[in-house]
2 protein chains.
Amino acid sequence: MCSTTPRNTRTGRPRSTEADAAILEATRAALVDMGWSKLTMGDVATRAGVAKTTLYRRWANKNELVVDAVAVLFDELELPDLGSLQADIEHVVLQFAALLERPETKTALMAVVAESTRDAPLRERIRTSIVDRQKRLVLDGRRRAQERGELSADPDPVTVDALDDLIFDVVAGAVVHRALVSAEPVDTAWVARLSALLVGGLGAAAALG
Amino acid sequence: MCSTTPRNTRTGRPRSTEADAAILEATRAALVDMGWSKLTMGDVATRAGVAKTTLYRRWANKNELVVDAVAVLFDELELPDLGSLQADIEHVVLQFAALLERPETKTALMAVVAESTRDAPLRERIRTSIVDRQKRLVLDGRRRAQERGELSADPDPVTVDALDDLIFDVVAGAVVHRALVSAEPVDTAWVARLSALLVGGLGAAAALG
DNA sequence: AGCCTTTCGCTACGGGTCGTAGCGTAATGG
DNA sequence: CCATTACGCTACGACCCGTAGCGAAAGGCT
């Protein structure tokens with residue numbers, strides 16, 4: 001949750017966990033009000049009722065702070081077993097789309113990804129706290145589909161990994177592109193087409209080995 | 001190319017077209033060296049050998065300038081007829097991926113999209129100068145596939161439009177997500193799987209009507 | 001040629017943000 | 001009680017923003 005780990009000593013005054021929570025919540029509020037580019041560290045500190053120096057003791061810069069503030073929202077993503085691969089896909093896509101509709105994530109997600117193209121530590125932080133959390137849903141969904149017999153058992157683990165990567169990039173990428181670039185609604189009709197495309201094409205993609 | 005149109009009078013000193021070109025080229029160079037977030041208007045002006053006020057006469061802010069500077073790179077995208085839908089898809093995907101590999105577009109594209117979530121004029125500018133230019137490739141590709149008989153003739157124009165939108169978001173979104181979020185290479189093996197998934201699933205998606 | 005209009009380069013400015021340093025104080029553990 | 005660390009506060013130089021004002025340059029028009 002916090003960026004810079006405090007000295008691993010057991011002496012001294014401990015860091016305020018209330019301040020941690022207040023800062024992250026203030027960051028989300030500032031994202032809603034100002035958007036990513038207009039968000040300032042000073043404003044976040046004021047909203048959180050905290051000194052600016054307290055922010056810099058925990059996070060080195062705005063990007064890392066925003067990633068942590070937004071990452072917790074991705075905990076909402078769940079993958080209940082709805083009985084079929086297509087139903088599972090449609091459910092998780094609608095969840096993800098709802099997350100992208102929130103103004104905090106809408107303005108923050110693409111911005112930190114853009115920053116991460118020139119910042120390897122930030123990229124790693126995004127991966128561990130956001131991307132991997134989404135990807136687990138793909139792995140679970142495929143495993144369930146295999147158990148149901150909807151997908152053929154894996155012949156080669158390398159192929160399976162490649163297919164998981166593909167599904168993840170297609171689903172997440174399509175939803176993000178639809179919501180933010182095309183700026184059109186991710187409604188049930190669109191989701192139905194996307195999942196039909198996926199379920200119908202997975203066999204062909206898997207056949208490549 | 002230029003943002004604010006000069007007064008439509010034929011009197012007075014005309015704007016320097018050399019300055020236009022120098023500014024846009026300097027913007028791309030600055031994107032490569034500094035990245036989007038560290039790019040400053042003053043630096044661009046210095047690189048272009050132009051006064052800062054000259055920039056502001058043409059572009060209201062950094063975002064609009066960057067969009068114009070990057071948009072011309074998308075002119076490189078072409079769709080030669082390779083004989084099959086899958087070959088056409090693979091070719092355009094590899095082209096788009098090569099474009100996303102360039103440091104200018106890598107750092108700029110996601111940043112301006114993020115900004116556009118809170119800036120309707122910017123969103124419209126991105127649409128007309130970048131997104132629509134990509135989308136035309138999808139329309140051409142589908143039309144050719146229909147002429148070849150690879151796709152069934154359209155029963156309903158509304159369905160066709162929806163399918164074009166879906167293909168566009170899936171292809172462009174998947175490539176962007178693969179290149180920038182997953183940060184893994186868009187190599188021929190991955191492209192082959194993506195296009196196989198698309199070609200194999202299009203029928204199922206079209207069947208939804 | 002002379003005039004008008006617009007752009008150009010240049011300088012300077014107030015306003016805002018950044019990230020840090022320094023200080024005294026508060027909160028723990030030994 | 002003491003060492004250690006975190007906290008709030010203030011102040012600071014550095015940087016960037018976007019604009020105003022100026023004289024000079026470069027065109028069209030009569």
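Scope of the values below: all heavy atoms of this structure, side chains included, with no hydrogens, waters or symmetry mates.
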Nearest heavy-atom approach of A:E115 to B:S37 is OE1-OG, 3.0 Å

Taking B:K135 as the fixed residue, which of B:D140, B:D161, B:D165, B:D169 is the one that meets the salt bridge (Lys or Arg N to Asp or Glu O under 4.0 Å) rule?
-> B:D165

Name the orientation class of the two ring planes belonging to B:W36 and A:W36 (parallel below 30°, tilted from 30 to 60°, perpendicular beyond 60°).
-> tilted

Atom CG in B:D119, atom CZ in B:R125: separation rounded to 0.5 Å?
-> 10.0 Å

Atom CG in A:L55, atom OG1 in A:T27: separation rounded to 0.5 Å?
-> 6.5 Å

Just by protein heavy atoms under 4.0 Å, how would nucleotides 25-30 of chain D read 5' to 3' in B, S and -?
-> BBBS--

If I take atom [atom1] in residue [X] and atom [atom2] in nucleotide [N], what distance separates them, rounded to the nearest angstrom?
X     : N     : atom1 : atom2 : result
A:R57 : D:dT5 : CZ    : C1'   : 9 Å
A:I23 : D:dG8 : CD1   : C1'   : 13 Å
B:R58 : C:dT6 : CZ    : P     : 16 Å
B:R15 : C:dC8 : CZ    : P     : 6 Å

Would you check if the side chain of A:T105 reaches a backbone N or O of A:L99 as a donor-acceptor pair within less than 3.5 Å?
-> yes

Taking C-beta and beyond as the side chain, do A:W59 and A:V67 meet within less than 4.5 Å on heavy atoms?
-> no

Are any protein N/O atoms closer than 3.5 Å to N/O atoms in nucleotides 17-21 of chain C? If there are, list each pair with its distance.
from	atom 1	to	atom 2	distance (Å)
C:dC18	OP1	A:M41	N	3.3
C:dC18	OP2	A:M41	N	3.3
C:dG19	OP2	A:Y56	OH	2.8
C:dG19	N7	A:K52	NZ	3.2
C:dG19	O6	A:K52	NZ	3.1

Please determine, by modelled atom types, if A:E18 and A:S16 share a side-chain donor-acceptor pair under 3.5 angstrom.
-> yes

